[in-house]
Amino acid sequence: MRMYVALTVDDLTALMAGAAVVPSTAFTAESEDEEDELAALEEASEHGAAVGAAEVSDPDLPVALSQIASFHVDLDGTGDLAWYATQEIDAVLREVRRTASM
């Protein structure tokens with residue numbers, strides 16, 4: 001099941017350190033339709049510094065970096081989300097911190 005997890009700076013830091021996080025806010029799409037997936041992603045982006053698109057078997061369990069397929073970040077406040085691979089978690093954390101300080 002695909003789940004869009006709103007992530008804080010602390011969540012990103014924990015994921016980068018190898019810990020699993022219990023998301024405070026997560027959204028699932030109403031269907032596998034692209035528009036529903038996008039709506040869930042955008043909703044999650046309104047609740048966190050970044051969004052992790054995660055593949056989970058149980059939405060109530062903590063999410064590990066290995067379950068995240070990609071990260072998404074609004075870099076300029078326009079609502080357009082930049083896509084990052086999981087290997088770029090350090091860049092995601094850097095950008096989230098940069099935008100928070102603006």
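Here the structure is a predicted model, which means the values were calculated and not measured.
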Co-membership, hydrophobic cluster, residues V73 and F27, 4.5 Å side-chain: no
Pairwise side-chain contact, S45 with L81, heavy-atom cut-off 4.5 Å (strictly under): yes
Partner set under side chain to side chain contact (heavy atoms under 4.5 Å, CB included) for D58, not counting sequence neighbours: D60, L61
Heavy-atom closest contact (D74 atom, G79 atom, distance): OD2-N, 3.0 Å
Heavy-atom check, side chain of L15 versus side chain of L7, under 4.5 Å: yes
Partner set under side chain to side chain contact (heavy atoms under 4.5 Å, CB included) for E46, not counting sequence neighbours: E43
L38 side, atom CG; H72 side, atom NE2 - distance, nearest 0.5 Å: 10.0 Å
Qualifying residues under side chain to side chain contact (heavy atoms under 4.5 Å, CB included), relative to A69, sequence neighbours excluded: R2
E42 versus Y4, side-chain donor and acceptor atoms under 3.5 Å: no
Hydrophobic cluster membership, V5 vs M1, 4.5 Å side-chain cutoff: yes
Those residues that, when tested against A19, pass side chain to side chain contact (heavy atoms under 4.5 Å, CB included) (two or more places apart): A14
Trace of the side-chain hydrogen bond (donor to acceptor under 3.5 Å, both in side chains) decision for T8 with D11: CA-CA 5 Å; T8 65; D11 292 336; 3.3 Å; yes
Residue pairs involving residues 20-31 (criterion side-chain hydrogen bond (donor to acceptor under 3.5 Å, both in side chains); sequence neighbours excluded): S31-D36
Minimal non-hydrogen separation, P62 against A20, with atom names: CB-CB, 3.7 Å
D76 versus T78, side-chain donor and acceptor atoms under 3.5 Å: yes
Spacing of OG belonging to S66 relative to CD belonging to E55, to within rounding of 0.5 Å: 11.5 Å
hydrophobic_cluster_shared for V51 and M3, side chain cutoff 4.5 Å: no
Hydrophobic cluster identity match, L12 and V22, side-chain contacts under 4.5 Å: no
Transitive ILVMFWY side-chain link V9 to I89, under 4.5 Å: yes
Interatomic spacing from CG in L93 to CG in D90 - rounded to 0.5 Å: 8.0 Å
Ring pair (Phe, Tyr, Trp, His ring centres under 6.0 Å) involving Y84 - partner list, sequence neighbours excluded: none
V63 vs P23 side-chain heavy atoms within contact, under 4.5 Å: yes
Heavy-atom pair with the smallest gap, counting every atom of A85 and F71: O-CD1, 4.0 Å
